[in-house]
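To keep things clear, I will list the structure first and then write my remarks on it.
Both counts, for ligands and for their atoms, begin at 1 and track the order of listing.
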Amino acid sequence: MLPKFSTIRPSSITNALAVLDEKGGRLHGGGTDLIGCLRDGVLSAETLVSLGAIEDLKGVAATSGGGLRLGAMTTIAEIAGDDAVNARFTALADAARVVASPQLRNQGTIGGNLCQKPRCWYYRGDFHCLRKGGELCYAYAGENQLHCIFGGELCFMVHPSDTAPALAALGATCRISGPSGDRSVPVEKLHVPPSVDPQRETVLDDDEIITEIVLTAAPSGLRSSYRKVRSRNAWDFAVAGVALALVFDGDTVRSARVFLSAAAPVPWRASGVEKAVTGKVLDADTIAAAAAAAVEGAEPLSGNAYKIELFKGLVTEQLEAISG
Ligand SMILES: Cc1cc2nc3c(=O)[nH]c(=O)nc-3n(C[C@H](O)[C@H](O)[C@H](O)COP(=O)(O)OP(=O)(O)OC[C@H]3O[C@@H](n4cnc5c(N)ncnc54)[C@H](O)[C@@H]3O)c2cc1C
Ligand code: SF4
């Protein structure tokens with residue numbers, strides 16, 4: 001059952017920060033994740049601070065340097081349909097198009113997508129697991145088919161956002177406002193691994209707000225993509241995913257940024273893949289070496305060894321597609 005709470009709708013970022021300072025409360029973007037968390041008792045809140053009336057947080061705009069600025073309250077549907085995102089940052093458009101369902105994409109925002117809570121079924125259920133302040137990870141020796149193969153330590157969930165690995169591959173940066181001013185954090189540093197703190201998902205403090213995500217100008221020769229595999233061909237979270245951002249010089253890969261989704265508790269940088277393809281033409285041998293590198297060092301749990309072949313296949317197919 002949904003607990004009682006009050007909602008405040010400040011009209012500016014300054015007012016929102018003042019409300020957070022005076023009353024505390026939880027930020028409400030589109031509410032598609034937050035309301036479920038409150039209903040299921042994963043989170044509690046007496047006050048929600050809705051960002052829906054702050055016009056400065058909405059929309060996609062060009063930056064003076066040829067990049068794009070995505071207001072944190074821009075909906076996932078707006079990002080999926082934006083011409084500039086589709087033309088220059090394909091991985092982000094690909095990722096936005098496969099988030100949830102059309103209704104959720106119309107309501108959910110990019111800020112909320114990056115800050116959504118874990119989907120681990122123990123965490124979402126009645127289990128007081130380690131991430132919720134308890135002492136045990138129930139997934140480690142329990143049902144862990146959808147859990148991580150990299151970066152598991154204390155907690156073995158997988159980070160659920162589709163847009164985060166795409167934005168990380170594209171080298172995007174979050175602008176964050178808080179009581180002591182503004183700061184920038186690269187998306188690839190936004191999420192906190194359990195080895196650092198298993199009860200924290202992002203580096204944000206409770207009184208901080210993501211205001212925008214900035215993509216710098218796409219370098220010439222950039223080709224990018226995101227693809228996820230899910231259990232069924234309808235709305236669902238990734239079982240495995242890969243975001244590629246490769247800069248080509250003719251047929252040769254000049255530089256590469258590669259992140260896996262549903263592999264680890266944070267978007268997982270596949271540095272082995274990056275090394276395997278940089279300076280190379282994407283022929284069959286290079287792609288085979290990159291696919292093997294994608295899963296090097298993986299530590300599957302009792303129920304998810306299938307992810308090894310899945311990631312190898314996915315990386316192979318996506319590298320073949322991007323080379324053509
Ligand atoms: C059935 C279902 C299927 C889904 N499928 C997918 C999927 O396939 N892929 C995927 O990526 N996601 C999926 N989601 C998760 C979610 O709906 C989306 O990620 C959505 O984009 C969240 O955005 P929101 O604005 O609704 O977030 P909210 O629910 O409003 O917020 C989520 C969290 O982020 C915080 N927050 C919101 N905005 C900010 C901000 N500007 N600064 C700091 N913190 C903020 C909130 O306090 C809250 O903790 C699914 C959800 C459901 C219910
Ligand atoms: S994987 Fe993480 S979220 Fe899931 S039960 Fe273990 S500690 Fe909790």
Distance to 0.1 Å, residue and atom name: give those for the protein heavy atom nearest to [atom].
| atom | value |
| --- | --- |
| atom 18 (C) of ligand 1 | Asn113 ND2, 3.6 Å |
| atom 28 (P) of ligand 1 | Gly31 N, 3.5 Å |
| atom 49 (O) of ligand 1 | Cys115 O, 4.1 Å |
| atom 14 (N) of ligand 1 | Phe237 CZ, 3.3 Å |
| atom 2 (C) of ligand 1 | Leu104 CD1, 3.4 Å |

*Can you tell me if NZ on Lys275 sees more than 12 non-hydrogen neighbours from other groups inside 6.0 Å?*
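12 or below, so no.
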[X] and ligand 1 - part of the residue with a heavy-atom distance under 4.0 Å:
| X | value |
| --- | --- |
| Ala72 | side chain |
| Lys228 | side chain |
| Asp33 | both |
| Leu57 | neither |
| Leu204 | side chain |
| Ala238 | neither |
| Asp236 | backbone |

In terms of atom number and element, which parts of ligand 2 are under 4.0 angstrom from non-hydrogen atoms of [X]?
| X | value |
| --- | --- |
| Tyr122 | 5 (S) |
| Cys120 | 1 (S), 3 (S), 4 (Fe), 5 (S) |
| Tyr123 | 3 (S) |
| Cys129 | 3 (S), 5 (S), 7 (S), 8 (Fe) |

_Is Cys155 close enough to atom 8 (Fe) of ligand 2 that one of its N, O or S atoms comes in under 2.8 Å?_
no
*Heavy atom of Arg119, distance to ligand 1 below 4.0 Å*: yes
*asked:* Which residue in the set Thr109, Ile210, Ile13 passes side chain to side chain contact (heavy atoms under 4.5 Å, CB included) when paired with Leu57?
replied: Ile13
_Tell me whether Leu27 has any N or O atom under 3.5 angstrom from an N or O of ligand 1._
yes
*Say whether Ile35, considering both its backbone and side-chain N or O atoms, lies within less than 3.5 Å of an N or O atom on ligand 1.*
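It does not: no N or O of Ile35 is found under 3.5 Å from an N or O of ligand 1.
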*Determine, for Phe127 and Lys132, whether the Lys NZ or Arg CZ falls below 6.0 Å from the six-membered ring centre while staying within 45 degrees of the axis.*
no
*Specify side chain, backbone, both or neither for Cys137, according to which of its non-hydrogen atoms lie closer than 4.0 Å to ligand 2.*
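The answer is both, backbone and side chain.
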_For Glu212 against Arg69, the heavy-atom pair lying closest together_ = OE1-NE, 2.7 Å
